[in-house]
Every structure is written in structure tokens, then in C-alpha cells.
Amino acid sequence: MAAQCVTKVELTVSCDNLLDRDIGSKSDPLCVLLMNSSDTQWFEVARTEKVQNCLHPKFAKKFVIDYYFEIVQKLKFGIYDIDNKTIDLSDDDFLGELECTLGQVVSSKKLTRPLVLKNKSPAGKGTITISAEEINDNRVVNFEVQARKLDNKDFFGKSDPYLEFYKATGTAWQLAHRTEVVKNNLNPTWRPFRIPLQSLCGGDMDKPIKVNRDPCCFVFSQVEFECINSKKKQKKKGYKNSGVVVVKLCQEYSFLDYIMGGCQINFTVAVDFTGSNGDPRSPQSLHYISPQGVNEYLSAIWSVGNVIQDYDSDKMFPAFGFGAQIPPTWQVSHEFPLNFNPSNPFCAGVLKGVVEAYRVCLPQVKLYGPTNFSPIINHVACFAQQALQQTSASQYFVLLIITDGVITDMDDTRNAIVKASRLPMSIIIIGVGGADFTAMEFLDGDDGRLRSQTGEAAMRDIVQFVPFRQFQNAPSQALAQSVLAELPQQVSSFFSLFKLKPPQEPNPS
């Protein structure tokens, strides 16, 4: 499955306190960026210019790379002292390097880390700072527009107004958007609408746009425009206008704007411990951990969690199980913490904390049933509901459910998902084993809007389902790529729908 580029990101690099490898002068540093596409193979992306005699360089040349939310993009920034004109860096003095992920950079917006040598020892007091900025993006502008005291063009009744937005293309104007018609109204309010920034102004904020006939500058706050009828103005003395158009809201934020502005992605894992998985001690069980230390549950946690963890600052992740009898009373539970600590279900890190909690929990519970999803969905929804009380886009919740079987509380699950569709929350379901997952695909909603038991429609599609078996022979990153591809749009569209801004402006300038 081909990955979908979310946007392009521009990286700016600077360093401080570099090692001085020159005699009689200072180092002449250059930065080279490498990326890792296959866990072992690094390839060079680009290099900055060389800065002469400087231990605190600010490189003018930027690195522009495609950003994929659903992939772990490993980066390596290498700093070299350039003393010759050859392209080969092996004959230049190495001043230090930093390995990180692009997710870590964009979630920090500005990342400062110490440089290390090849043996991982500190490169003196040297540090590197990488700043990220989104460019050439796929952002969408949200509008709320109304008008007042428009001219009446109808003999019977009142005018039926609508708006047309035009993009400047050289010497011509290209239609970008047309609103709906508001019937019989001289003071209309149009429904909120969205226009891709590329369609409206080619991403250039200073480029003029035209609404109907009259050019206006692109704005980001409430503003009023007079509607001028040029023919009427020529004929009528004292003519003022033919009404006023009020742009109440003209705002756009992309997924990266929210992330760079301080929005946290809160990741919760829920693991199916129902009896249909089979006895964990048997090699035929889906919970059987092989001599290599893996099973499908662990592979799913590793794959998705490896991407998500870069977007949570404290790296503490709640992890739950459902469908098992748990000690000491051996009652069936559908939302028990893997660490058996209800007051603190958080695990430190995905690859260590969550995985270790799963390993320790597995032999202590009795696999049972039934397969109920609604309790854990409602559990996470409670926290998402609390986050919605805040006045900014500070938190978004992602629930990963890994399961082997058919849902037994389908009506309650449908109700829970419809309720959650109105919250800052998305649900990823990964089906392990060879069961019939038709019901899961129904919950996905890609073929139509999911409805609750009472017929209430989901506000938006928040469920992404994939069967693990489709990725058994695929590269390790393919599963995360598939299930996370829709998440950036789900995040930005939710906050846009509720008119929530990032906690801090991502680009104050």
C-alpha cells in the first residue's frame, strides 16, 4: 500500500559548541542529512552549505522532506569539518551526529539535542538544533460568511444570494468555490464551508482572491467587504454599496499546525483476552509468545505504538485487557489494567512499558469471554469528553483495540462509537487470527455512515479496521502505515469542526 504524504516539512539546522579540529583556525562545518528506509540502510538526502571558521553555525540551506504521519521516518544529522573539495565525507573530520525521528522533530517543533560520536560518547559540548516548518501543504480554510442589506434583484420576493470565490491565475480568475443559494433573503448567513488553500490562493497568503467581482486580500479574522455594483455606481449619485459581506471566520490549521502548536496524541491499548484466542501455553494460541519473543498481538502493539509514541510528551500509555477472568476474585472484566493498578494504568513507553505489562499479565489471567468493545470505548471517551471542555485543541485520543473474534455487544459498541464521533477520539481495530471480521468492516464506516441502535448517525468516521493477516508478509512498517493513514485528517477535521485552535500558535510570525 502506497503511503500518503501528509505534507512537506522544511528543516532548519544550527549547532553550538562544535569540536574544533583545525589548527590555527576553527572548524568549517557542514551538515549532511541521512534517512533510514529499511531499518538497516541509510541513504543521503541532502547537505547544507559549509560555514567557514565557525563553531556555532546556523546553516542557511534547508532540508525539505516529505512527511508521513503513519511511518517512523528515521533521520541522522551528521556534522563534518570540511577541509577539501571532494564529495566523499570519509576524508573529513567527523564532529558528531544525532539520530532521531521526524515525528520527534515535528512534535517538538524545535528539537535541541547533544551531538555524539560514532561510539555514542559525547562530542564535547556540541549540540544540534533542528526546527521544523510546514510548507507546500494540503491545508484547508474554514469560512463562516454572512451578508446584510443586499440589493433586491427580484420583482417578486427577495434575492436568492450566493457567493463565488475566485483564485488569481496569471491574468485570469479561476472559480475555487461556490456557496449554496440562500433563498429569498437580503441578510443571508451561509453554512460554514471549507476551501483547500491550494485551490484558493496556491498556498500564498499574500495573493489576492476575488469574491464575486471585487478583489480582496486573504484574511484571518472577521472583516467586512462592501458589495459594489459598478453599473449602478456609475448611474446613481451618492451610491454607497449594494450591501455588505461579513467574513466572520477565515481560518486554517493543518495537522502539523496542531502538533507543532502543542496538541498531544494520547494513545491507549486494549488487548483481547477472550477464550477464542486459545491457551497461551499452546503454540496454536494467538497469545502464544514464540521463542523469538513475538506473537501477532505484540507485533501490532510494536507497529502502531512505534509511530504514536513520538506525539506524546510524557510517553506514559494506559493499557487494558478485556474478556478475561482476573485475580483475585476471578470475575470477568472488560476494562482491566494490564498492570492490575486501576488508579494508575499507565505504562512507561510502548516498546518497554506496554509490552512488558502484557507479558507479565498474560500468565496471571484466565481467558474467558464474551468479546465486548463498548466498555473500553466508553472508558476512553470519558477522558476525551473531559478534554473537550478545554478551549483549545490540546488533546486527541487514539484507542488501539487488538482482537481475534466477533463482537458480542454490537449494538452497545455502535452506540459508543457514534457518541465518540463527537469527541476528540479515533479508534483503530486490528483483527488477529483467521476469524470472520465482517462486523469490524461494518464499524469502519468507509462504505456508509455508521448509525447507533436508535438510528443516530455518527458525526464523522473515526474507526479504522485492518486484519493483521494482510500484513504478515509485508514490511514491519506497513501495518502502521495502513491503520494510521487517515488519522491526521481525522484530527484536523475534528478540531476544525469545533473551531478549536492549537494551544500555541504554530507560526507566531
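Keep in mind that what you see is a predicted model, and the values were worked out from it rather than measured.
Inspection of the Y311 and N266 side chains reveals no N or O donor paired with an N or O acceptor under 3.5 Å. For the residue pair Y396 / S426, a side-chain donor-acceptor distance below 3.5 Å is found, with atom types taken as modelled. With hydrogens and angles left out, the side-chain atoms of S343 and N341 include a donor and acceptor closer than 3.5 Å. Side-chain atoms of D279 and S285 include no donor-acceptor pair closer than 3.5 Å. Defined by atom type and a distance below 3.5 Å, a donor-acceptor pair is present between the side-chain atoms of T274 and D272. Between the side chains of Q309 and D312, not a single donor N or O lies within less than 3.5 Å of an accepting N or O. Side chains of T86 and D91: a donor-acceptor N/O pair is present below 3.5 angstrom, by distance only. Between T408 and N372, the side chains place a donor N or O and an acceptor N or O closer than 3.5 Å (distance only, hydrogens not considered).
Partners of S313 according to the side chain to side chain donor-acceptor pair (under 3.5 Å) rule, which considers only residues two or more places apart in sequence or in another chain, are Q264.
Two residues are said to be in side-chain contact when any heavy atoms from C-beta on lie closer than 4.5 Å; L102 and M35 fail this criterion. No side-chain heavy atom of P29 sits less than 4.5 Å from a side-chain heavy atom of I82.
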Residues D66, K8; criterion salt bridge (Lys or Arg N to Asp or Glu O under 4.0 Å); working and verdict = CA-CA 5 Å; D66 290 339; K8 288 185 180 293; 2.5 Å; yes

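Checked against the 6.0 Å centroid threshold, F495 and Y258 count as a close aromatic pair. Residues F346 and F317 place their aromatic rings such that the two centres sit no closer than 6.0 Å. Aromatic pair H287/Y358: ring centres closer than 6.0 Å.
Aromatic ring pairs are classed by plane angle as parallel below 30°, tilted from 30° to 60° and perpendicular above 60°; the pair F255 and F69 is perpendicular.
Between E456 and the options K419, R422, R451, a salt bridge (Lys or Arg N to Asp or Glu O under 4.0 Å) holds for only R422.
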